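In what follows, chains are A, B, ... by sequence order, proteins preceding strands, each numbered from 1. Quantities reported herein were computed from a predicted structural model and do not represent experimental measurements.
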Amino acid sequence: MSGPGWFWAVGALRRVVGLGALLALGAFILGPLATLLVWAFAGTWLFPNLLPEFSLRWWTYVLTNADVGKAIRMSFFSAPVATLLSAVICIPAAYAFARLEFPGRRGLLLSFLSANAFPKIGLYVSIATLFYRLDLMDTFLGVVLIQVVNTLLFMIWIPTGTFRGINRNLEEAARDAGAGPLRTFFQITLPIALPGLIVAALFAFIAAFDEAQGTLIVGTPNHVTMPVLMYALVLGYPQPVGAVFSVLLSLPSVILLLVTQRYLRAGYLAAGYSL
Amino acid sequence: MTVAVAIALVMFLFGVFGSGGVGAQGPVTLNVYINGDTNIFDLWNKSLLPAFMKRYPQYRANFVALLHGEGSQGVLDKILAAKQAGRTTDVDLWETQPSFVTQGEPQGLWVKLTTALIPNLSRVPTQKLVATDYYGMPYRGSSVVLAYNTAFVKNPPKTFDDVVAWIKANPGKFAYCDPNTGGSGQAFMVAAVYKFVQAAQFAGGTYDPKAESAWEPAWQLLKDLNSSMYNNGFYPNGNVAVLQLLSQQNVYMASVWSDMGTDYLKRGLLPKTVKLEQITPPLFGGDSTVTVPAGSAHLEGVFQLLNWVLTPEAQQIVINQVSGYPGVDWQYMPASVRAQFAEVAKPYSPLPNSQYLADMLRLWHERVAGSK
Amino acid sequence: MDRAHRGWKQGALGLALVLPPLLVLVFLIVVPAISAIVTTLTPPGGSGPTTSFVNYAEVLATRMLRADIGFTVTVTLVSVAVVFLLSYPLALYLRFTRTRATAILGVLFIVPLFVPVVIASFAMITFLVNHGLVSTILYRLGFERFPRLVYNATGIVITQVWVNIPFAVLILGAGLQAIDDSLVDAARDVGAGSLRTFFSVILPLNITSTMITLTLQFIGIFGSFTIPYLVGGNAPQMLGVTMTDYLTQYLRRTESATLAVIAFMIAAVVGVIYVLSVSRRERGERVVR
């Protein structure tokens, strides 16, 4: 079989491959972001210079733009609310899909896939008319509802898988010990499912945050979100301006990343998450 | 977890009660929707509206930008849906492409503008108002012109055919934007079409799809130019993208809007060696008009705003900010201004009507871009 | 008696819990979608049969639209394949190796998840465009010519890959986490090489997350708008952009809706494949733990 020499070689090979993969992935992922960062501090950057002439003048240009602040506030209010609302209505449903038997279970579960499959452009006129009848146009709730629609898929499927992966024996043991169904859920099931639910919430948040086409109709003029504003900024302004906006608008995301990265370690997801 | 829920709840309440402008007393808020590019947004947002609000403090203005027309269909649908639901719409003023105004006319979506409503309307040349059926008020104008870098172009072309010859002789050094994304690109496409047909036939109110077969030679011409275009036939996304190509000297010549070109030159975003000139027959141009939805809840305020926009004070802002042509007749502008614009303020070709333009855009994509 | 009663109660409870999100789905997706489909089945002109497939025939007869449909399918398949080929090794590496690199890689691959798609597209363009960062570096190193990497299908694929790696790695990784180390060790003890272990042991045990990843990636990339709009070329275009152009620029609402339904049906086919593969597994499921 294999002697220690072979193991050592494999170990070294593994380390080299690991390092190579790290460098390649790092360049691919961080490269574009780094370029944008440099552009944000560029006065002008002409080919073939490797670096631009640095300047902060575009920051003044951007920071005096009132629309930016408004859009950031709107995005960071509406997306968390949409995620929370989605969680409240979807997690019990996910539990039902995972644990309960009822007619049409599989068909209904599949229908949530359809939510993401039909292109939104075909829908937005009808949605606008409906919202007008219900007085939801240009309201916070209207924007939130549009964002919730984008989160349904993640908030149903991932928690369903999470709940399914929890060993039934644990729940049955709690029941045998005399705990009622609600108590079992909150004290046994939920804690184990938590990492999977957090991942679901994360994806749902991002989907809500990135929503642009529906929000444009429903949210204008008073409820413009970041993505709606971003198209204009990236297409209509000189390069450094788009870069400055991108840096500003990524800052909250970076903070979110640092705060939640614990939960995204594969180890945490192991706790009962299997589909 | 509880903390997170509490925070979200607070934000929700904040969002619900802090949103919307439903003030019983206090200033009236006018919602102004403008379709265009960033220089026009700055014109309204940074100059016109603040000056108006200073002059008439009882009004506040809320500005909504629709870049390159993105979302225009949605706005029209909103106005229509409001009418059908029997409500007022929150769109008080809309600057948009004529096609959307045309779509709304049969439904009675717009206010017919008269001097009774807007006294200063008398300063606008009548034919401009007739062209929009009195549904649109022109407040600025511009046309697409040829921009070229004199450092690389010693003998600038004077006619459209000269331009075509120059492009073939200098492959990769000319660009026009994808017509879907900007008027400067549309103008070049339309100039090719107008070479083979009578412009008037397609700029009026009639629409006959069968007449479009006359456009075939234009598609052939533009298709042949594909390989001589910038980057072997790449058409950038938007007016600004082309200006950027020009400024980075990736191309030496392009079709650009007169107001955008002049503005970029003024701000040093284009090299000083770039010049703007109109060719023969001229590239198209037109007046930008604003339309008032009949379902607006603040008609009185809107008419005040529009009346003010036609004053010399406001028209001067238009000229200074965006180097546009005024909406009122030139005689109402000072002589110095008239002299300043002599080179480019020549008559321009008319815009094709919205239905023909829509078909042109589709056919350009099929025959020119899609045929590589 | 008692068991039947319990079964009925469970069924009712299940339906009740599922109702809220279902209502959202029905009112905001199903009803508008049906309304759009009905529009496409109505022939133009108003005379003749009340439903017809004339609109679909016209769309499929247009060369440019067939090209766009084919282009979208191709770009999506290529993107999904590349994401898959990059994510699986990464997920496996993170699962089965514990070195210092693992910790850093673990944070690194998540980064694109937090970058809004518009910014990601813009960043990719500045990075890969001719006279952008990569081409300037290569130019300095002596490479005169630089291939065109943006404003075409290549750009779309590269950006889609960048944007989709985190999600794929997370889902695959979660599935891999559930595979016991002992199973892999057992395979190794029997003498199976890495590749054999992967195909015979790991992949079959991870089939559900694999299928989910492939399905969701396909549907997401197929219907995307932002990336093709900013990074794509003029023609052919991905269907998301084509549909929007037909609605807003060419003023052809019916064609736009027809394209939407066609896109939906293609995405639905992929969804059906997923369901069939999962059902087959569920029917013959034995708990292996």
*How far does CZ of C:Phe27 sit from CG of A:Leu145, to the nearest 0.5 angstrom?*
12.0 Å
_Straight-line distance of C:Leu13 CG to A:Tyr95 OH, nearest 0.5 Å_ = 9.5 Å
*How many angstroms lie between atom CG of A:Leu30 and atom CG of C:Leu108, to the nearest 0.5 angstrom?*
5.0 Å
_Under 4.5 Å from any heavy atom of chain C, what part of A:Ala207 do you find: side chain, backbone, both or neither?_
neither
*Indicate yes or no for a side-chain donor-acceptor contact from C:Gln10 to the backbone of A:Leu100 under 3.5 Å, with no hydrogens or angles considered.*
no
*Looking at C:Ala123, C:Ala120, C:Ala268, C:Pro20, which one has more heavy-atom pairs under 4.5 Å with chain A than the rest?*
C:Ala123
_Heavy-atom proximity to chain C below 4.5 Å, by part of A:Ile206_ = side chain
*Carefully, step by step, assess A:Val148 and C:Leu28 under the rule side chain to side chain contact (heavy atoms under 4.5 Å, CB included).*
CA-CA 10 Å; A:Val148 164; C:Leu28 291 182; over 6 Å; no
*A:Ile156 versus chain C, the contacting section by heavy-atom distance below 4.5 Å*: side chain
*asked:* To the nearest 0.5 Å, what is the distance between CG on A:Leu108 and CG on C:Leu15?
replied: 7.0 Å
*asked:* Is the distance from the ring center of C:Phe122 to that of A:Phe245 below 6.0 Å?
replied: no
_I'd like to verify something: which residue of A:Arg99, A:Met155, A:Glu101 has the highest number of heavy-atom pairs under 4.5 Å with chain C?_
A:Glu101
*Checking heavy atoms, do the side chain of C:Leu176, its backbone, both or neither come under 4.5 Å from chain A?*
neither
_Winner by heavy-atom pair count (cut-off under 4.5 Å) against chain A, out of C:Leu133, C:Thr126, C:Ile266_ = C:Thr126
_Need one label for C:Tyr229: side chain, backbone, both or neither, based on atoms under 4.5 Å from any heavy atom in chain A._
side chain
*Roughly how far, to the nearest 0.5 Å, is the CG atom of C:Leu17 from the CZ atom of A:Phe102?*
8.0 Å
_Option that, when pairs with chain A are counted at under 4.5 Å, heavy atom only, ranks first among C:Gly220, C:Pro116, C:Ala263, C:Gly223_ = C:Pro116
*Which bit of C:Leu128 comes within less than 4.5 Å of chain A, counting heavy atoms only: side chain, backbone, both or neither?*
neither
*Side chains of A:Leu202 and C:Phe114 in contact at under 4.5 Å (non-hydrogen atoms)*: yes
*Among A:Ala96, A:Gly31, A:Gly26, which residue forms the greatest number of heavy-atom pairs with chain C at distances under 4.5 Å?*
A:Gly31
_Heavy-atom check, side chain of A:Leu33 versus side chain of C:Trp162, under 4.5 Å_ = yes
*asked:* Please report the interatomic distance CD1(C:Ile29) to CZ(A:Phe112), rounded to the nearest 0.5 Å.
replied: 10.5 Å
*Between C:Thr226 and chain A, which part of the residue has a heavy atom less than 4.5 Å away: side chain, backbone, both or neither?*
both
*So, do A:Ser111 and C:Leu22 sit near enough that their side-chain heavy atoms are less than 4.5 Å apart?*
yes
_Top contributor to chain C interface from A:Leu37, A:Val38, A:Leu25 [non-hydrogen pairs under 4.5 Å]_ = A:Leu25
*Top residue by heavy-atom pair count (under 4.5 Å) with chain A, among C:Ser121, C:Gly11, C:Gly14?*
C:Gly14
*With respect to chain C, which residue among A:Gly242, A:Pro32, A:Ser246, A:Ala94 yields the maximal number of heavy-atom pairs within a distance under 4.5 Å?*
A:Pro32
